[in-house]
Amino acid sequence: MGRAILIIGAAALAVGVIVYSLIECARTDSAEMRGLRKGGWIAVILLLPFVGALLWLFLGRPKGTAGSSRPVRGRGPDDDPQFLRNLEERRRQQEQAEKLRQWEEDLHRDDGPGTSDGTGQDDGPGDRPDDDPSGGSSAGRPDGQSDDSPGNRPPRD
């Protein structure tokens, strides 16, 4: 009984090595293979089952491939330097657009009722509604209010 288990185990190991070698040979790039081309290695593995699989593992695989090597992990976008440069450039452009929007808002805010030509600069003293030609005093009015109501403003040039 023990002898049968040993034979079955050895056969399972041989089939596992053959299947592994066949799959690895099929997935390997032809330019990286040593010795024969891909079709030749597949024929050797299939025609000489266990011996062909061992020949592939020791003589045909690309150099630097270990038997217990981990699969190569794909690169994410955050590992790509070009992607990171594009991301940084996009961030800078968004910052510049935000600054420009802020400057335009400030310009429109400054270009309010105190201007007459739309340039954002004041016309001069006495032309703004908050400038009182009498020095800002409301002493000359009986009700104590200043003369800067819309009906009492001097005409603009």
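The analysis underlying the following values was restricted to heavy atoms, covering all of them including side chains, and did not include hydrogens, waters or symmetry mates.
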Practice problem: Over all heavy atoms of both residues, which pair between I45 and G52 is shortest? Give the atoms and the distance, please. | Solution: CG1-O, 3.7 Å
Hey, any chance [X] and [Y] share a hydrophobic cluster, counting ILVMFWY side chains that come within less than 4.5 Å of each other, even indirectly?
| X | Y | answer |
| --- | --- | --- |
| V17 | L48 | yes |
| F50 | L46 | yes |
| F58 | I18 | yes |
| L47 | L54 | no |

Self-check item: E105 side, atom CD; L107 side, atom CG - distance, nearest 0.5 Å
Solution: 11.0 Å
Exercise. Mind checking the CG-CG spacing from L55 to L36? Nearest 0.5 Å is all I need.
Key: 9.5 Å
With the side chain counted from C-beta on, respond yes when [X] and [Y] share a heavy-atom pair under 4.5 Å apart, and no when they do not.
| X | Y | value |
| --- | --- | --- |
| R92 | E89 | yes |
| E88 | L84 | no |
| V51 | V44 | no |
| W56 | I42 | no |

Quiz prompt | Charged N-O contact under 4.0 Å between E95 and R91 | solution = yes
Exercise. Report the C-alpha distance between W41 and L59 in whole Å, list the side-chain angles of each, state the deciding distance to 0.1 Å, and finish with yes or no for side-chain contact (heavy atoms from CB on, under 4.5 Å).
Key: CA-CA 10 Å; W41 277 114; L59 301 177; 4.2 Å; yes
Practice problem: Look at the side chain of K38 and the backbone N and O of D29, then say whether any donor-acceptor pair between them is shorter than 3.5 Å. | Solution: no
Quiz item: Do the side chain of R34 and the main chain of R61 share a donor and acceptor less than 3.5 angstrom apart?
Solution: yes
Quiz prompt | Any side-chain donor near an acceptor of the partner, Q82 and R85, under 3.5 Å | solution = yes
Exercise. Give the intermediate values and the outcome of salt bridge (Lys or Arg N to Asp or Glu O under 4.0 Å) for residues R101 and E98.
Key: CA-CA 5 Å; R101 189 186 62 76; E98 179 64 24; 2.4 Å; yes
Exercise. Could you walk me through whether I23 and R27 pass the side-chain contact (heavy atoms from CB on, under 4.5 Å) test, one step at a time?
Key: CA-CA 6 Å; I23 291 173; R27 292 185 61 186; 4.0 Å; yes
